[in-house]
Amino acid sequence: MRKHFDFYGYNAPTCGNYYMDNEVYTFGEDYRSVKRYKEYKNIGFTMALLQHDNSYNGEKWETSSAKKCLDICSKVGLKVILEDKRIKDLSKEDVLIGENGRFKTEEELLKFIDDTTSIYRDHPAFYAIQLQDEPAYKYLKNYGTVYKAVKKIFPKMEMQCNLLNMVLHSLIAPDPENLQSMHKDYEDYLNRFAKESGIDYLMTDEYAFRGNNVLSAWSIPTFQVLANVCRDLGVELRLVLQSFCQEGMIVNRENPELVEGSCHWRRITEKEMYWQMNIALGLGCKEFSYFTYFTKARKALRTQRAVSDGIDGGALVNLDGTRTKLWFATQKIIKEFKAFEPVIINYNYDNSYLFFPEGTDKDSFSYTKEAVISDTSKLPISVTTTKCPIFVTEMKNGNARMYTVQNAGNPIDETLYKKRVPEIEINLGKLADKAKFYYKGKLIEKQVNDGVAKLKLARGQAIFIEIK
């Protein structure tokens with residue numbers, strides 16, 4: 001059983017270059033240094049994900065960026081997840097094994113993996129390889145085959161396998177021409193990969209904080225369906241959390257030169273980070289990653305403007321290497337989580353519930369319209385709320401229970417529109433005398449009268465109630 005949480009960020013410190021209009025520019029500092037990786041670790045990270053200009057693709061090992069970063073991570077005390085595109089791309093083969101496949105036999109695939117990883121797998125900092133990111137349903141068989149092949153020859157080697165979320169229906173559906181409900185197709189997608197791979201965890205990314213200051217309608221249901229499948233399969237839940245802002249272009253698949261529109265994720269704050277991390281913790285998440293740590297430097301595609309993912313605070317660290325307010329906020333929150341770790345890490349998720357203000361239901365709020373609604377009468381506690389939906393999860397550790405009670409409202413409402421922090425009531429009934437309350441990682445005193453605890457809970461914040 002896991003004893004500690006793991007944390008890491010996509011896009012670890014870079015070479016310091018960025019790209020615009022097919023030209024390469026530099027900030028004059030190579031961020032792949034002991035100093036910068038110590039800074040990366042000091043936010044609370046335990047692992048480093050090496051991608052893009054830090055990946056390895058079979059070039060001369062001694063002078064490769066991957067070896068440079070592995071050496072630094074070994075000095076700093078970080079485990080490394082390495083992107084090796086030669087292995088990563090295997091999942092997208094039309095036929096992986098067979099007469100017309102990339103490999104004629106499984107033995108050929110195993111030899112390829114053995115030969116490919118031999119140069120780096122014994123490095124003291126090496127921990128895992130990254131497989132294909134966000135595979136569509138049609139690639140799950142190959143994806144699972146690659147996972148099992150690696151485990152067959154290297155049982156202790158870890159792999160990072162990040163799956164799609166619930167948003168892109170046609171990509172997660174077993175049959176894009178015969179769609180079921182989004183929830184059902186997503187369940188089938190997750191179960192199919194688990195069956196094909198035999199993996200002991202499931203992981204996805206879903207970014208809640210969209211343009212026009214809205215919360216995504218698909219974040220809460222994605223988290224719920226994933227957590228429910230993990231519970232049913234008895235596997236661990238891992239999540240990628242939003243730590244970026246970006247305007248992305250929607251490209252026509254039939255005509256890649258045609259840009260049809262754009263989508264936007266807004267810059268997030270400390271309040272939004274609490275919103276995500278409290279939900280993740282309440283769902284029993286054991287490994288947390290962030291997209292992104294270092295602002296991604298992108299080449300502008302089919303337009304004349306640079307897509308820099310928001311150079312002014314678009315990630316935990318800006319393109320020029322400066323730390324943003326979100327870096328410091330995330331460091332503080334991770335520290336709080338680690339203080340709470342000895343208590344909550346022993347609990348496993350059982351179910352999630354939503355309580356709504358009187359006269360409202362899930363359709364009254366844009367971000368709960370697609371949520372999974374469980375019967376709250378089955379809970380031994382109840383919540384009364386006047387302003388915002390309250391997200392409640394129940395976790396178990398033997399006979400002990402942990403209840404997460406979170407204000408699921410949009411945190412930006414308090415920042416921009418000066419909406420008041422609402423008061424809620426938690427009715428614990430006969431369980432009240434057994435309850436311990438945790439807030440921001442600390443055990444706190446909470447007055448309970450006739451089994452009812454009253455408290456003000458800001459949007460995104462949560463109180464954790466342990467009952468033994």
Side-chain angles (χ1 to χ4, degrees), residues 6-14 32 37 40 45-62 64-74 78-93 96-97 102-103 106 108-135 139-164 193-194 196-205 235-236 238 240 286-293:
D6 272 314
F7 301 86
Y8 65 95
Y10 279 67
N11 217 45
T14 71
R32 300 166 301 179
Y37 269 95
Y40 175 95
F45 291 165
T46 57
M47 302 190 295
L49 173 59
L50 302 185
Q51 294 180 288
H52 310 306
D53 58 347
N54 293 331
S55 64
Y56 184 63
N57 303 299
E59 64 271 23
K60 187 176 179 181
W61 175 246
E62 290 301 319
S64 68
S65 176
K67 183 181 185 300
K68 178 177 182 174
C69 293
L70 277 159
D71 289 345
I72 292 170
C73 288
S74 182
L78 288 164
K79 300 180 290 185
V80 168
I81 305 168
L82 182 64
E83 176 190 60
D84 187 331
K85 291 184 178 179
R86 299 168 299 171
I87 293 178
K88 191 174 182 179
D89 290 344
L90 292 178
S91 300
K92 287 194 172 182
E93 292 287 342
L96 186 61
I97 300 175
R102 167 77 181 273
F103 305 99
E106 182 189 28
E108 286 187 14
L109 171 61
L110 297 179
K111 184 177 186 306
F112 175 82
I113 292 170
D114 191 3
D115 293 345
T116 301
T117 61
S118 62
I119 197 73
Y120 55 74
R121 65 176 181 251
D122 293 326
H123 192 286
F126 175 76
Y127 174 69
I129 52 175
Q130 182 190 38
L131 298 191
Q132 191 61 238
D133 193 48
E134 298 183 332
Y139 296 124
L140 293 184
K141 184 174 178 58
N142 282 356
Y143 204 45
T145 298
V146 175
Y147 182 92
K148 286 191 293 187
V150 174
K151 282 292 188 181
K152 187 170 186 177
I153 50 177
F154 306 114
K156 294 183 179 181
M157 187 182 292
E158 295 297 321
M159 281 162 278
Q160 195 246 27
C161 304
N162 183 49
L163 303 173
L164 279 166
F193 175 59
E196 293 291 347
S197 63
I199 196 168
D200 58 1
Y201 74 89
L202 292 174
M203 170 183 177
T204 194
D205 51 8
V235 301
E236 184 175 281
R238 301 177 184 179
V240 187
K286 299 295 193 289
E287 185 176 289
F288 308 80
S289 54
Y290 305 82
F291 187 86
T292 62
Y293 175 74

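Keep in mind the model is a prediction, meaning the values are calculated, not measured.
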Measuring from [X]:[atom1] to [Y]:[atom2], what's the distance to the nearest 0.5 Å?
X: Glu158; Y: Met47; atom1: CD; atom2: CE; value: 9.0 Å
X: Gln51; Y: Lys85; atom1: CD; atom2: NZ; value: 9.5 Å
X: Phe193; Y: Leu164; atom1: CZ; atom2: CG; value: 11.5 Å
X: Cys69; Y: Tyr56; atom1: SG; atom2: OH; value: 14.0 Å
X: Asp84; Y: Ile113; atom1: CG; atom2: CD1; value: 10.5 Å
X: Lys156; Y: Arg121; atom1: NZ; atom2: CZ; value: 14.5 Å

Between [Y] and [X], is there a side-chain heavy-atom distance shorter than 4.5 Å?
X: Ser289; Y: Met203; value: yes
X: Leu131; Y: Lys88; value: no
X: Tyr10; Y: Asn162; value: yes
X: Phe154; Y: Thr117; value: yes
X: Tyr293; Y: Pro13; value: yes
X: Val240; Y: Phe288; value: no
X: Thr145; Y: Leu109; value: yes
X: Gln130; Y: Ile81; value: yes

Distance flag, aromatic centroids of Phe45 and Phe7, threshold under 6.0 Å: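 Judged by ring-centre distance (under 6.0 Å), Phe7 and Phe45 do not meet the cut-off.
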
Exceeds 12 heavy-atom contacts within 6.0 angstrom, atom NZ of Lys79: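 It does: Lys79 NZ has more than 12 such atoms within range.
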
Flag if over 12 foreign heavy atoms under 6.0 Å of NZ, Lys111: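 For Lys111, atom NZ is not crowded (no more than 12 foreign heavy atoms under 6.0 Å).
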
Do you know the tightest heavy-atom contact between [X] and [Y]?
X: Gly9; Y: Leu49; result: O-CB, 4.0 Å
X: Ala128; Y: Phe126; result: O-CE1, 3.2 Å
X: Ser55; Y: Ala66; result: O-CB, 3.9 Å
X: Thr116; Y: Ile119; result: O-CG2, 4.3 Å
X: Asp114; Y: Ile153; result: N-CD1, 4.0 Å
X: Tyr37; Y: Ala48; result: CE2-CB, 4.1 Å

Between Tyr8 and Gln160: side-chain donor-acceptor atoms closer than 3.5 Å: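 Note: Tyr8 and Gln160 side chains meet the donor-acceptor criterion.
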
Side-chain donor-acceptor pair present, Asp53, Ser65, cut-off under 3.5 Å: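 No, because no side-chain N or O of Asp53 sits under 3.5 Å from a partner of the opposite role on Ser65.
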
Contacts of type salt bridge (charged side-chain N to carboxylate O under 4.0 Å, His left out), residue Lys152, not counting sequence neighbours: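 Lys152: salt bridge (charged side-chain N to carboxylate O under 4.0 Å, His left out) contacts with Glu106.
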
With a 3.5 Å distance limit and no angle check, can you tell me whether [X] reaches the backbone of [Y] through a side-chain donor-acceptor pair?
X: Arg32; Y: Ala12; answer: no
X: Ser74; Y: Asp71; answer: no
X: Lys151; Y: Met157; answer: yes
X: Tyr143; Y: Gln132; answer: yes
X: Tyr201; Y: Cys161; answer: yes
X: Thr292; Y: Asn11; answer: no
X: Tyr139; Y: Asn142; answer: no

Residue pair Phe103, Leu90: steps toward the side chain to side chain contact (heavy atoms under 4.5 Å, CB included) verdict: CA-CA 10 Å; Phe103 305 99; Leu90 292 178; 3.8 Å; yes

CA sep, side-chain torsions, deciding dist, call: Tyr127, Leu78, side chain to side chain contact (heavy atoms under 4.5 Å, CB included): CA-CA 9 Å; Tyr127 174 69; Leu78 288 164; over 6 Å; no

Criterion salt bridge (Lys or Arg N to Asp or Glu O under 4.0 Å) on Arg86 and Asp115, from CA distance to verdict: CA-CA 11 Å; Arg86 299 168 299 171; Asp115 293 345; over 6 Å; no

Ion pair Glu93/Arg102, N-O distance below 4.0 Å: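 Arg102 and Glu93: salt-bridged.
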
Verdict with reasoning, Val146 to Leu96, per side chain to side chain contact (heavy atoms under 4.5 Å, CB included): CA-CA 9 Å; Val146 175; Leu96 186 61; 3.9 Å; yes

Residues Asp6, Arg238; criterion salt bridge (Lys or Arg N to Asp or Glu O under 4.0 Å); working and verdict: CA-CA 10 Å; Asp6 272 314; Arg238 301 177 184 179; over 6 Å; no

